[in-house]
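In what follows, a structure is listed as structure tokens, so that the remarks can point back to it.
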Amino acid sequence: TISNLKFFKKLFISSKLKHIDKGDVIHVQRPEMVIPLFLRKRNRIICTLHGAQDLAVLKKKGKVIGFLYSILQVVSFFLVDQLIVVDKNNHDRYIKKYPWIKRKINLISISVDSNRFYPQDQTKSRKKFNFFLNDKIILFIGRLEEEKNVEFIINSFNEINHKNYKLVIVGKGSLENKLKIMAKKNEAKILFMGEINNSLIPELINAADILILTSYFEGSPTVVKEALCSNVPVISTDVGDVKEVLEMVNGGVIIDLTVESLRLALEKIFYKEQQINKK
């Protein structure tokens, strides 16, 4: 509910920091947040880099803001004690761009709680969310922001328009109204659920036939691993560590950003599912 810029500004004046003791370690999730925390508290700071945040800012905000953000990023890399990167692609990219951070950067992949995410009865899960049993449900879970590229999914879905396909979109963001207008052409087959309680996500994933992710940038998207742990195949662009994860378990299809690529991926997964069911 607050922009990253406003959050960044508030860190310079927040009274909450008085509760941080001298020996505490501060862990932040965006590099620019290191700067106000370091200037105010001088604690040891760890920063986790969730994907290519610098590239995402450049794409969303343009060259000027992108350049300013890159300066903040370099300053934060200098100030921080340790950096964590969640995927190998961005780990290697950051080291190539800033060789001097090699001594303080670590690759730690995102893990999933398999006590929460595991295969469940799909019929029961669908009844809970009032989904029809014969629908082929393609599920997106994430922020409705430009870097998630949900616009491509909706446009493609409008073109493919298979009678049994149903697109379920979970999440909120600044593009929500725009995406809903785009979906009106096919609103009977596209459902916006908004934000839902995190405790319901395991059952929602189990209600789906496919999880879809068409982001421009990612690190190690947790939702992909949550789907795979639930035995739900994934269709995704080649971002972060997704391709590597899918190849390890033969868990889905990597696509490019064309309608035909998505169409073929859907057909491939549903055909494979039909063959398994016949056995």
Side-chain angles (χ1 to χ4, degrees), residues 1-111 142-149 171-176 195 198 215-223 239-242:
T1 58
I2 183 172
S3 72
N4 289 318
L5 178 59
K6 287 182 179 179
F7 191 80
F8 175 76
K9 290 178 180 178
K10 282 180 177 292
L11 284 175
F12 284 99
I13 59 173
S14 174
S15 61
K16 302 277 187 184
L17 296 188
K18 68 183 180 181
H19 301 294
I20 298 176
D21 294 325
K22 186 176 180 180
D24 290 343
V25 176
I26 303 174
H27 184 191
V28 301
Q29 308 298 315
R30 290 181 63 89
E32 69 272 21
M33 305 308 175
V34 169
I35 297 170
L37 291 172
F38 179 85
L39 294 177
R40 289 194 61 192
K41 299 298 293 186
R42 300 295 179 92
N43 290 64
R44 290 165 61 189
I45 302 176
I46 297 171
C47 176
T48 292
L49 303 168
H50 296 276
Q53 290 167 331
D54 52 342
L55 299 181
V57 171
L58 179 64
K59 183 172 182 60
K60 289 175 68 175
K61 303 296 185 180
K63 291 182 179 180
V64 174
I65 300 299
F67 174 73
L68 293 175
Y69 184 85
S70 69
I71 293 175
L72 290 177
Q73 182 174 260
V74 171
V75 173
S76 71
F77 284 179
F78 177 77
L79 296 176
V80 77
D81 292 280
Q82 290 290 319
L83 289 163
I84 296 171
V85 184
V86 298
D87 69 291
K88 189 175 188 304
N89 288 341
N90 279 301
H91 174 269
D92 295 346
R93 183 178 72 86
Y94 279 119
I95 289 178
K96 184 177 180 180
K97 193 172 182 179
Y98 310 111
W100 51 272
I101 67 171
K102 190 173 182 179
R103 63 179 178 80
K104 61 168 72 176
I105 194 168
N106 300 277
L107 173 61
I108 304 177
S109 297
I110 300 293
S111 60
R143 293 177 295 110
L144 304 185
E145 300 293 343
E146 185 173 351
E147 62 267 30
K148 296 297 183 179
N149 198 21
K172 295 183 75 67
S174 63
L175 298 182
E176 183 175 2
E195 286 184 326
N198 187 54
S215 302
Y216 293 116
F217 312 106
E218 289 284 352
S220 182
T222 312
V223 70
V239 286
D241 64 357
V242 175

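What you see is a predicted model; the values in this text were computed from it and never measured.
- Between F8 and F12, the ring-plane angle classifies as perpendicular under the 30° and 60° cut-offs.
- Taking a 6.0 Å sphere around CZ of R30, one finds it holds more than 12 heavy atoms contributed by other residues, nucleotides or ligands.
- Around the NZ atom of K61, the shell of radius 6.0 Å holds no more than 12 heavy atoms that belong to other residues, nucleotides or ligands.
- Looking at D81, its side chain does come within 3.5 Å of a backbone N or O of I45 through a donor-acceptor pair.
- Contact annotation: the side chain of L39 approaches that of I35 to within less than 4.5 Å [non-hydrogen atoms, C-beta and beyond].
- Using modelled atom types, no side-chain atom of K148 and backbone atom of G142 make a donor-acceptor pair closer than 3.5 Å.
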Dump the intermediate steps for side-chain hydrogen bond (donor to acceptor under 3.5 Å, both in side chains) on S220 and D87, then the final yes or no.
-> CA-CA 6 Å; S220 182; D87 69 291; over 6 Å; no
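- Here the closest non-hydrogen pair linking H91 and V85 is N-CG1, 3.4 Å.
- With respect to K96 and D92, no salt bridge is recorded, no charged nitrogen being found less than 4.0 Å from a carboxylate O.
- Separation of atoms OG (S76) and CD1 (I71) is listed at 12.0 Å; rounding is to 0.5 Å.
- Note that CG of L37 is 5.0 Å distant from CG of L11, once rounded to the nearest 0.5 Å.
- With rounding to the nearest 0.5 angstrom, the CZ atom of R42 is 14.5 Å from the CD1 atom of I20.
- Among residues two or more places apart in sequence or in another chain, the side-chain contact (heavy atoms from CB on, under 4.5 Å) test is passed with I84 by I46, T48, I108.
- A cation-pi geometry, defined here as NZ or CZ lying under 6.0 Å from the six-membered ring centre and within 45° of its normal, holds between K59 and Y216.
- You'll find the side chain of L55 reaches within 4.5 Å of the side chain of R93, heavy atoms only.
- Annotation: side chain of T222 is not in contact with side chain of S111 (no heavy-atom distance under 4.5 Å).
- Across all their heavy atoms, P31 and F77 have their closest contact at CB-CE2, 4.1 Å.
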Audit row: V28, F38, side-chain contact (heavy atoms from CB on, under 4.5 Å) steps and yes/no = CA-CA 11 Å; V28 301; F38 179 85; over 6 Å; no
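- Among pairs with a residue in residues 10-26, none fulfils side chain to side chain donor-acceptor pair (under 3.5 Å), at least two apart in sequence or across chains.
- A side chain to side chain donor-acceptor pair (under 3.5 Å) with R143 holds for exactly one of E145, E146, E147; it is E147.
- We find the CG-OH distance between D54 and Y69 to be 7.0 Å, quoted to the nearest 0.5 Å.
- Between the CZ atom in R103 and the CG atom in L83 there is a gap of 9.5 Å [rounded to 0.5 Å].
- The minimum heavy-atom distance between D241 and P221, with the atom names listed, is OD1-CD, 3.9 Å.
- F7 has its side chain out of reach of E32: every pair of non-hydrogen atoms, C-beta onward, lies at least 4.5 Å apart.
- The shortest heavy-atom contact between A52 and N90 is CB-OD1, 3.5 Å.
- Residue F78 comes nearest to K104 through the heavy atom pair O-NZ, 3.3 Å, listed as atom of the first residue, atom of the second, then distance.
- A distance of 8.0 Å separates NZ of K63 from CG of L58, quoted to the nearest 0.5 Å.
- Considering every non-hydrogen atom in both G66 and V57, the closest pair reads CA-CG1, 4.2 Å.
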